[in-house]
Structure formats: structure tokens, C-alpha cells
Protein chains: 2
Amino acid sequence: MISGETVPGKIEAKSLVDAVTERLEAAIIAGELTSGERVREQVLAAEYGISRGPLREAIRRLEGRRLLERIANKGVRVVDLSPRRLDELLKVREALEGMACRLAAERITPDEVAKLRELLTEHGSSSEVQSGEGYYQQSGDFDFHFRIAKASDNEFLISMITGDLYDLLRVYRYKSSTMTGRATRALEEHHAILDALDAGDPDRAEAAMRVHISNARIHAGLAMAKAQQDEDAAD
Amino acid sequence: MISGETVPGKIEAKSLVDAVTERLEAAIIAGELTSGERVREQVLAAEYGISRGPLREAIRRLEGRRLLERIANKGVRVVDLSPRRLDELLKVREALEGMACRLAAERITPDEVAKLRELLTEHGSSSEVQSGEGYYQQSGDFDFHFRIAKASDNEFLISMITGDLYDLLRVYRYKSSTMTGRATRALEEHHAILDALDAGDPDRAEAAMRVHISNARIHAGLAMAKAQQDEDAAD
DNA sequence: CCAGGCCATAGTGTCGACACTGGAATACCA
DNA sequence: TGGTATTCCAGTGTCGACACTATGGCCTGG
């Protein structure tokens, strides 16, 4: 449900539409607007302290980015995220990040490699990783992937991965992590990826990344199936 | 109310925004709005016979799909398509369609394969292909790729390829085809792809598709560089 | 008591008007 | 005359009002 009490983030920056878009995006990612939930324009507009015009434009933008869906004369909903769709998403991610990793291997600097290595070492020593769960680790995982995508130096690819794909994936965050329960394994895979990057071997880099994401996909599929079972059992 | 006057491209379907979005998209693809061209809202709105509200919403949607860019308080432009960006685009395409082809190989039906084979045979006997140029061939190429993408049975992937990527690529159409001058070669590559699909070999199918698109990318790069030279020389 | 249609209402769809911004042409001053 | 300040205009940004559509409750007739 939506907490009606606070208005912690009123809008008054550059373009209202830009600001509102970010805020909406953040709300979706943070789970304030849950998947499949219907959104009422007037309510949101009032909440953000703006009129419906800019809000509708912001909605349209997110519509174009597949975060929101509109049914004519009925309203707007946050995208519906079925297990099947997550599977689809992760296959696309495999393709995209595989390519990003390949390109990164061709042009990444030793400096960047060192930073990534540091990041992984940090993760490895983190107690949270060892216990196999944790919020920080999740964001750390994103960070690792994020940097590699950036290193591809392909603007379009970067914006597709970090702009579109990650937003969608984050919507799943609180539902099912793709890493929980396989943290150490994932860390190993990260190291394998980094080794390939370090060696400047595009083929190996792409392959390593694809294995990593493919494993995450399979794991997520199992996890969601299990969660579904538990839910059914609980009812 | 909207006057009943019939103007070549007036809108009066379901939701104005939907209709206008399609029309705008078509205009961009058809080259009526050229790359980099500035677009004035009032003019367009008048042209389509609607008010600025829905038009702006349509623009926002295409903005989210990267076909249009907006600079605050300045206006809207059709995306700027540099040779570098085409190169980036085609790398993404390689990754995405490679994956689509892999998935297609796993589940394509003999029936579909037969249809694709027919399509290629038709292309091969076309005189246009033999001369190495031609409009039909270009759309035929899209058709081939389109069907394979569909066969992947991954809705998200399909919408990314056919919804986003192809639109963007089409903007380049009249500037530089990725096929002209290598029609027979491309046809061979198409056959190689189809053979792999027919054999149900995902690895080979993906590899074949990637080689095909990679070649197209390299070819397009050379073609654009040459066009640039010619242009410079002409000045 | 139930089925079917009518009406009230909430919410989306569209519009025209007004406010604000950036840029260009012009006027002004040294 | 050249450079700068000023004014004006085209165009974008935002808003509130009105029109239309869908949905749920209510009323009526069987």
C-alpha cells in the first residue's frame, strides 16, 4: 500500500517531467509501487505536487522503457513480472552483458582491472557474503556488472543494460535475488570473469560472463518455483 | 471536436496518443523527419490535427525508445545517427539476434524452416539480388531476421529486437544499407544460418547469425566511411 | 429473489490558455 | 564602428477545465 502520510520528495528541479520520471522510476524500483499495482494519476499528481500533464508525460516515458503499462481508459500498472518474464529478461541480459564483457576485454585498462579486483576482494572478506545473503552484496553485484558494462565503451549498449535492463531486474529485487544461496559460487564466477578481462581475452570473457548469468538465471528459476510452492502451501 | 476534413494523415483512431505515436514512428522511419532534424511541437500538432498534449505524450514515449531526443526548453530532435552509433547498434544487434537465433534453433518447427527456405530461394532467384541492390531485398532481409526473432519465443527479446532495434536501424536505411554490394554473400550467410536452425544446433546457429551481422557491421562501416569521403570530395 | 438495465461517480483523455525560457534582432553607448 | 545591453518573439513548460469512458450500486420488472 501507499503511505499517504509523508511527502519526503517534492519536485522542483529542472524539468518537472525529468524529475518526476526519476522519482517514479525510483518508486518502482524501491517497490513503493508494487508489480502489477494499478496507479491513479490524480493521486500521484497530488502526491508529487504537480498537475497531471507532466505526470502523464513521465508515465509515457517509462512506458516506452517497459516499466509501466497502460490500458486505454483503464489506467496504468507497473509491469507484471512473471517468472517466465524474468527468465526471458535474464536471457537478454546474458546476450547483452556477454557482448559488453567481450568489448570490455578489448579495451579495459589495468587500472580498472585493479579496481574491480579490489571490489571482489572486499566482497570475499565480507561476512555477509559468507553467510550467503545480504543487501549490500546484491548492490555490490550490480556494481561489478555495472562497471564492466561501462568499460565496454559502447554508449548504446551501456544505456540498454544499465538504463533499461537493470531497472526491470531491480523490480524483482525483493521478490527473489538471483544470488542468495549461491554467493560464494557467484564470487568465483566473478573472479573468472575478471581473470579473462585481465588477460584481455574477449572470447573467454564473454563466455565467463554468459556462464555466470546463465547460472543466475537457472538459480532464480528454481528459487521462484520454490517460493511459489511455499506460497501455495501457506494458503 | 476534430473536424471531419480529410487530410492525408489525420488521426482518429483509438487513443490519440497511440495513433500519433505510430504515425510519428512511421514518419521517422520513412525519413519524413530526417535524422538530427528539429521538430516543432506546434507545427506537428497542427499537421496531425490534434492539440499539443497528446503529441507531447507520444514524443515522450518515443523518447523512452530512443527514437527522439529532447533538450530542455529547446526542443525535440530525431536521434542523431553517427557512423559510430551505427557500429554500436550493430554490435548490440549481433548480441541480441545471436541469442534469438540460438533460442530459435531449440524450438523452431520444420514448417517454419521450410517457409524460411522458401523465402531464401525466392531471394536467390530475384534479379534484384543478383544486381546487388534493391529495395525489396532490403525488406526481404528484415523479413528473414524478423521471423527468426519471432521463433525465439522470447517475448521480451522479440520486442527489443523488432520494436526498438529495427526502428533505429531503419532510420539509417536511406543513408547506407548494410547489404548493398554484398547481396550474394549475405544470401550465403542466410543459408548458413538456416542450415544450423534446420539442424537444431544452437551453438552453430548463434555463431552463424553473429558472423552474418558482424560482417554487415564491418561492411556498413566501410560504406559509410566511403560515403563520407565522397561527400567531402564533392564539396 | 434474481436478472437486467439505468444512473451516479471515479478516473482517464483531450484541449486551450497562460507562464517561462532561450535566442535573435535591434538599439544604445563608448 | 564594434561590442554590449535590451527588448521582443517563437516555442516549450505547466496548468486547470471539460469531455468521454468504464465500473459498481441501485432500482425495477419478472
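Residue numbers start from 1 in every chain, and the chains themselves are labelled A, B, ... in the order their sequence lines are given, proteins ahead of strands. The figures here come from the full heavy-atom set of this structure, side chains too, leaving out hydrogens, waters and symmetry mates.
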Quiz item: Hey, is the main chain of A:Gly53 close enough, under 3.5 Å, to the side chain of B:Arg56 for a donor-acceptor pair?
Solution: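 Checked: no pair found.
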Practice problem: Using atom types as modelled and distance alone, determine if a side-chain donor or acceptor of A:Glu57 lies under 3.5 Å from a backbone N or O of A:Val17. | Solution: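 Checked: no pair found.
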Atom-to-atom span, [atom1] of [X] to [atom2] of [N] - whole angstrom:
| X | N | atom1 | atom2 | value |
| --- | --- | --- | --- | --- |
| A:Ile50 | C:dA19 | CD1 | P | 20 Å |
| B:Gln42 | C:dC18 | CD | C1' | 13 Å |
| A:Leu16 | C:dT21 | CG | P | 12 Å |

Quiz item: Got a sec? Which of residues 55-78 of chain B come in under 4.0 Å of DNA chain C, heavy atoms?
Solution: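 Nucleic-acid contacts, sorted: B:Asn73, B:Lys74.
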Quiz item: Which nucleotide, C:dT12, D:dT12, C:dT14, lies nearest any side-chain atom of A:Glu41?
Solution: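 Closest nucleotide among those given: C:dT12.
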Exercise. Could you tell me how the ring of A:Phe144 sits relative to the ring of A:His190: parallel (under 30°), tilted (30 to 60°) or perpendicular (over 60°)?
Key: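 Rings of A:Phe144 and A:His190: parallel, as their planes differ by under 30°.
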Quiz item: Can you name the residues that form a salt bridge (Lys or Arg N to Asp or Glu O under 4.0 Å) with A:Glu112, not counting sequence neighbours?
Solution: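 Checked A:Glu112 against salt bridge (Lys or Arg N to Asp or Glu O under 4.0 Å); zero matches.
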N/O donor to acceptor pairs below 3.5 angstrom from side-chain atoms of residues 146-153 of chain B, sequence neighbours left out:
unit_1	atom_1	unit_2	atom_2	d
B:Ser152	OG	B:Ala149	O	2.7
B:Ser152	OG	B:Asn154	N	3.3

Quiz item: How would you label the contact of B:Val43 with the nucleic acid (heavy atoms, under 4.0 Å): base, sugar-phosphate, or nothing?
Solution: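 B:Val43: no heavy atom of the nucleic acid under 4.0 Å.
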Practice problem: Return yes if the base of D:dG13 and the side-chain atoms of B:Arg52 contain a donor-acceptor N/O pair under 3.5 Å, otherwise no. | Solution: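 Side chain to base: pair found, below 3.5 Å.
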Quiz item: Going by atom types only, do B:Arg66 and A:Ser159 share a side-chain donor-acceptor pair under 3.5 Å?
Solution: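 Result is yes, a qualifying pair exists.
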